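One structure is given below, encoded as structure tokens.
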Amino acid sequence: MDAVHISKMSGKLDGFKAISTNTLTNPFCIKMNKAKKETICKHCYSHTMLNGYRKNMAAALQRNTDLLSSRTLSKKELPVILDTVFRFDAHGELINMQHLENLVAIVEHNPNCNFALWTKRKDYVKRFFDHFEKPGNLILIYSNPTISSIMTTPPLYFDKTFNNVLEDEYVDQQNCTGQQCKNCLLCYNHSTTDTIVEKVKKY
């Protein structure tokens, strides 16, 4: 029986662990990455990494894709997370409602950890949380696809927005400026700002 794969992160996310999925096989990610409209998805670090120097990660991420999106995990399959903060989808995006259901089950199974999920799929989020209570240790961050437009009001059920701007835009509002996440934690606490602004990184 396959277990949920937990990745140990590096670089900006050094010190964090994450449960991610395969960006390269997610229809939404493929569509957004190839769209003619200029969005942050056209500069996707995950597509670049998984097509290049991190090709070896794809198999483990695909196992997560298949496992998390296909059926409800049993209680014994839910990983025990000992970290105080944890990231969902450092690679990938919500695949379907089953995927979201399993992530919420992991959150509920680990009440002493704060989980953060970045997603553009506000449709799935609304459909799910219209019927189920959102756990207090889950922080939902709406990943604004539009570059150079700061969204200050999160969609329904979301706690924060994550926005990308060009380097010389909204300089005084840029609060995600390249420091390591473990030294910042703006995204991982309910009590900090609800508007995160980062300059665009082009890959």
Side-chain angles (χ1 to χ4, degrees), residues 7 9 11-13 16 18-55 57-58 61-62 64-65 68-69 87-100 103 115-129 138-179 181 184 186-188 193-203:
S7 302
M9 308 306 295
K12 180 180 175 181
L13 284 166
F16 279 74
I19 292 173
S20 297
T21 53
N22 191 357
T23 312
L24 302 182
T25 60
N26 186 314
F28 179 85
C29 294
I30 295 169
K31 177 182 176 181
M32 293 290 285
N33 184 245
K34 293 182 177 180
K36 292 182 179 179
K37 184 178 178 180
E38 181 68 11
T39 67
I40 193 58
C41 296
K42 294 185 73 65
H43 307 287
C44 179
Y45 69 88
S46 183
H47 268 86
T48 300
M49 290 169 66
L50 295 177
N51 275 312
Y53 66 97
R54 287 292 181 89
K55 280 184 178 181
M57 290 178 57
L61 297 184
Q62 187 61 42
N64 276 355
T65 289
L68 294 169
S69 66
R87 176 159 179 166
F88 285 138
D89 283 345
H91 290 271
E93 170 61 277
L94 288 177
I95 301 161
N96 54 25
M97 294 287 283
Q98 182 66 75
H99 184 191
L100 179 55
L103 295 184
F115 293 83
L117 167 62
W118 280 251
T119 180
K120 297 174 179 65
R121 300 309 305 264
K122 58 184 178 181
D123 51 339
Y124 289 155
V125 167
K126 184 178 186 306
R127 282 167 56 194
F128 188 86
F129 290 110
L138 173 61
I139 297 173
L140 287 175
I141 302 174
Y142 181 67
S143 183
N144 180 6
T146 305
I147 298 172
S148 303
S149 177
I150 297 177
M151 186 176 184
T152 57
T153 303
L156 184 63
Y157 302 119
F158 283 82
D159 301 288
K160 302 173 186 284
T161 66
F162 193 93
N163 306 272
N164 283 273
V165 298
L166 300 181
E167 186 172 7
D168 59 348
E169 297 177 326
Y170 306 99
V171 175
D172 58 333
Q173 296 182 57
Q174 292 181 25
N175 53 8
C176 179
T177 55
Q179 71 269 41
C181 294
C184 174
L186 281 181
C187 297
Y188 296 87
T193 180
D194 60 5
T195 306
I196 312 296
V197 182
E198 180 184 42
K199 67 181 178 183
V200 174
K201 296 184 181 70
K202 295 189 177 182
Y203 295 90

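Values below: all heavy atoms of this structure, side chains included; hydrogens, waters and symmetry mates excluded. Because the structure is a prediction, the values reported are computed rather than measured. Nothing fancy with the numbering, it's 1 onward along the sequence.
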Side-chain contact, heavy-atom cut-off 4.5 Å: [X] with [Y]?
X: L68; Y: I19; result: yes
X: D89; Y: T21; result: yes
X: L103; Y: L138; result: no
X: M97; Y: R127; result: yes

Subject >> Pair listing, salt bridge (Lys or Arg N to Asp or Glu O under 4.0 Å) test, anchored in residues 160-175, at least two apart >> reply: E167-K199
Work out which heavy atom in [X] is nearest to a heavy atom in [Y]; give both atom names and the distance.
X: H99; Y: L94; result: ND1-CA, 3.5 Å
X: H91; Y: S20; result: N-OG, 3.1 Å
X: N26; Y: E93; result: ND2-O, 3.1 Å
X: T195; Y: T193; result: N-OG1, 3.1 Å
X: G92; Y: T23; result: N-OG1, 3.0 Å
X: Y170; Y: S148; result: OH-O, 3.8 Å

To the nearest 0.5 angstrom, please state how far the [atom1] atom of [X] sits from the [atom2] atom of [Y].
X: L100; Y: Q98; atom1: CG; atom2: CD; answer: 9.5 Å
X: E38; Y: C41; atom1: CD; atom2: SG; answer: 10.5 Å
X: C181; Y: R87; atom1: SG; atom2: CZ; answer: 7.0 Å
X: I141; Y: F88; atom1: CD1; atom2: CZ; answer: 12.0 Å
X: K37; Y: T146; atom1: NZ; atom2: OG1; answer: 5.0 Å

**OP:** Check whether NZ of the Lys or CZ of the Arg K122 lies under 6.0 Å from the centre of the six-membered ring of Y142 and within 45 degrees of that ring's axis.
**Re:** yes
**OP:** Please work out which of the three classes, parallel, tilted or perpendicular, describes the rings of Y188 and F16, given edges at 30° and 60°.
**Re:** tilted
Sequence neighbours excluded, which residues qualify as side chain to side chain donor-acceptor pair (under 3.5 Å) partners of [X]?
X: T39; value: none
X: Q62; value: N22, T25, D66
X: T65; value: none

Original post:
Who are the salt bridge (charged side-chain N to carboxylate O under 4.0 Å, His left out) partners of D194, not counting sequence neighbours?
Top reply: none
Subject >> F28/Y124 aromatic ring centres below 6.0 Å >> reply: no
Original post:
When C187 is tested against each of D159, I139, I196 for side chain to side chain contact (heavy atoms under 4.5 Å, CB included), which residue passes?
Top reply: I196
Subject >> Result of checking N163, N164, T161 against N144 for side chain to side chain donor-acceptor pair (under 3.5 Å) >> reply: N163
Please table the atom pairs, donor to acceptor, closer than 3.5 Å between any side-chain atom in residues 149-157 and protein atoms at least two apart or in another chain.
residue, atom, partner, partner atom, Å
Y157, OH, F129, O, 3.3
Y157, OH, D130, OD1, 2.7

